Amino acid sequence: MKRSKRWFIILSVLIAVFLTGCFRGQREDNIIVKEFEPDEIHYELNLISGLNGSYDVEVFVDRDTVKKIATVYAWTENDDTLYLKFEAIEGWKLLESRVATSVTLSGFPKNERGQTDPSLFSGEIHLMPLDNYTIQMDLGKLEDNQRVYFAYYLELREVGTRTRVKYGICINSLVYHDDNPVIDKKPKLEGNIDDPLVRGVTYDWKIEKSVDPESVELKLGESATLTYTINATRTPVEGDFALSGAVNLNSTGELPASSIAITVMLQYLLGDVYTDLEGFTAINVDTSATPTLNPGESSSYKYDFAFDPKEGVDEYRIRASITADDLFPFTLDATFTLSGLAESTDATATIADQLKDIQSEIPGGFSAAYIPPTTGNWILEQPGDGTQTFSIVYEVLLTNEKIEDPQQDFYILDNTATLTEYDSKTEHSDDARVIITVPQPFIDNPDLKIENEHDMEWDQEKAYSWEIEKSATPESIELKEGKTAPSHTPFWRPGQLRNEHSDTDRSCHSYEHG
């Protein structure tokens, strides 16, 4: 309460000395005060359910210049609830927001001195300054054609300065009509735009992994040192500046929002005003995947386009224009600076090597360990343009722990290094393979003796040709009955070869009968 008294004393002095009429403003110690005449109506809202209005919050920033610093939105729901939304424009933040309602012009909360006191209104002091604040007020049971008053008070601060604005108390009114009108329900969309990503220089990557030696032979208990080398190359890809982001929409009405259409325009800051970028044509965002949002649903609509920045300009704005069936068109904005955002894409990458979980990568019976121990994860980042090469060399000690009698011809140690580009999350990988052999065991048994004796023979064959002749002497004889005559026939002698041939005795024999 003491705070409110001090505030109103200062406010009264300022009003008495500097302010006249409904609207006055001044600057003192970086405080701008805009005070309205008490008990004066400034805006009127003719109440029909769902109807809404908006009012600009403006102040004199100097003697001749009026500047808008916020917008007040007012609407009703269910004929008995009033909603007020205070939305600070870019560069300003809400420090305090207050609202009160009354069925009479003099019925707003007052302090002990009988003065309307905003510190007694509903609302709060924002310990963390806000971009917007919405408050709901119950109007209660009203009679037909009854006028209802609502008043609000705001305090705002300009970002980056000591300038504060005290705005109020601004009184508004509405007239309640209880004639049971046909309520025409409407769709409603709310949303925002993600912070855009500017891509100036885009990089591509490739990775190569090798190992030395590529094959080892390990007896039981033996070890070998394997040297792995990973080479990653970053290469810039030529291209224009590009902008990507998303328009996020929420359906908060009572009917579906259908035939949603979004166009995106790129603007730059010229003085204090954002102006369409010369040569840039509005982009139609693809909404075909979700052209309709039912009540309570939401969706993100992505955009991505190239553009040529205006020379010497750093501050830009994305303006999205949204339309839908039975919906009043509205816009969403997102500002950014080229210097404040990344001007390159995928300039950084990470490498994950599967040897970080080495026990799951090596064949059974073997063990392996880094020399010295390392994580198997590396971040590749290096300033500078043009092609850059990153090299990683590490050693692994491979040991035959258990295998003495190999059950296979060879074993394979095969692992992969994977490079992931930072922005696009594109992956590249390469592996290196080591062939491991284990010799068969040597059997040392002193009781086992083996003798090997054998005879050798040499045979040679010689081929011969044979002829046979047979004769008899005499070749003819005459014999009387009972007489004999000698004849000559061949016979075998020792040392002679046996004649296997045969011939017919062709000697002539005659017989004499007497």
Side-chain angles (χ1 to χ4, degrees), residues 50 52-54 56 68 70-71 73 75 83 85 87-91 131-132 134 184-200 202 239-270 273-310 313 315-338 340-342 345 423-425:
N52 62 74
S54 63
D56 292 338
K68 175 182 174 181
T71 303
Y73 299 92
W75 71 95
Y83 289 83
K85 179 179 180 181
E87 186 173 271
I89 69 168
E90 181 187 1
D131 293 323
N132 60 76
T134 302
D184 185 14
K185 295 182 179 180
K186 297 287 185 181
K188 185 179 180 181
L189 290 176
E190 295 180 352
N192 57 65
I193 303 178
D194 288 344
D195 291 337
L197 172 64
V198 177
R199 301 191 305 275
T202 300
D240 296 329
F241 276 76
L243 195 70
S244 61
V247 178
N248 308 305
L249 296 180
N250 305 315
S251 178
T252 59
E254 296 178 335
L255 294 178
S258 57
S259 302
I260 295 174
I262 304 172
T263 58
V264 169
M265 189 65 191
L266 183 58
Q267 300 176 324
Y268 70 97
L269 186 61
L270 179 61
V273 179
Y274 281 98
T275 304
D276 292 349
L277 184 64
E278 293 89 343
F280 184 86
T281 304
I283 303 296
N284 293 320
V285 179
D286 184 9
T287 61
S288 59
T290 315
T292 299
L293 288 178
N294 293 316
E297 291 183 340
S298 61
S299 181
S300 293
Y301 303 90
K302 296 183 178 180
Y303 62 85
D304 193 333
F305 56 82
F307 72 99
D308 294 323
K310 188 174 180 62
V313 175
E315 298 187 24
Y316 294 83
R317 177 172 76 178
I318 286 288
R319 165 153 286 197
S321 299
I322 298 98
T323 62
D325 290 346
D326 299 323
L327 182 73
F328 193 79
F330 67 101
T331 60
L332 297 172
D333 297 329
T335 60
F336 63 93
T337 59
L338 290 183
L341 297 175
T345 302
D423 297 301
S424 64
K425 306 305 179 186

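Owing to the predicted nature of the structure, the values given are computational and were not obtained by experimental measurement.
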Determine, stepwise, if the pair D286 / Y301 fulfils side chain to side chain contact (heavy atoms under 4.5 Å, CB included).
CA-CA 7 Å; D286 184 9; Y301 303 90; over 6 Å; no
Nearest atoms (heavy-atom pairs only) where L277 meets K310
CD1-CB, 3.9 Å
Distance alone, cut at 3.5 Å: any donor-acceptor contact between the side chains of N250 and T252?
no
Can you tell which of I260, I262, D304 makes a side chain to side chain contact (heavy atoms under 4.5 Å, CB included) with V285?
I262
d(L243 CG, F280 CZ) to nearest 0.5 Å is 8.0 Å
At what distance, to the nearest 0.5 angstrom, does OG1 of T263 lie from CD1 of I322?
8.0 Å
Do the non-hydrogen side-chain atoms of L249 and S298 ever get within less than 4.5 Å of each other?
no
So, do Y73 and T134 sit near enough that their side-chain heavy atoms are less than 4.5 Å apart?
no
Which pairs with one or both residues in residues 324-337 pass salt bridge (charged side-chain N to carboxylate O under 4.0 Å, His left out), sequence neighbours excluded?
R317-D333, R319-D333
When rounded to the nearest 0.5 Å, the distance separating CD1 of I193 from CG of N248 is 9.0 Å
Enter the distance from L266:CG to E278:CD here, rounded to the nearest 0.5 Å.
10.5 Å
Quick check: closest heavy atoms across T323 and P329, and the distance to 0.1 Å?
CG2-CB, 3.9 Å
Between I318 and V264, is any pair of side-chain heavy atoms under 4.5 Å apart?
yes
Please enumerate all residues that pass ring pair (Phe, Tyr, Trp, His ring centres under 6.0 Å) together with Y303, with sequence neighbours excluded.
F305
Are N294 and P256 packed together at the side-chain level, in the sense that at least one heavy-atom pair is separated by less than 4.5 angstrom?
yes
Which pair of heavy atoms, one from S251 and one from A257, lies closest together, and at what distance?
OG-N, 4.5 Å
Hey, what do you get for CD (Q267) to CG (D276), rounding to the nearest 0.5 Å?
5.0 Å
What distance do D423 atom CG and S244 atom OG have between them, rounded to the nearest 0.5 Å?
9.0 Å
Taking C-beta and beyond as the side chain, do Y274 and E315 meet within less than 4.5 Å on heavy atoms?
yes
Sequence neighbours left out, what passes side-chain hydrogen bond (donor to acceptor under 3.5 Å, both in side chains) with K68? Give chain and number order.
D56, T71
For P196 and A334, which heavy atoms make the closest approach, and how far apart are they?
CD-CB, 4.5 Å
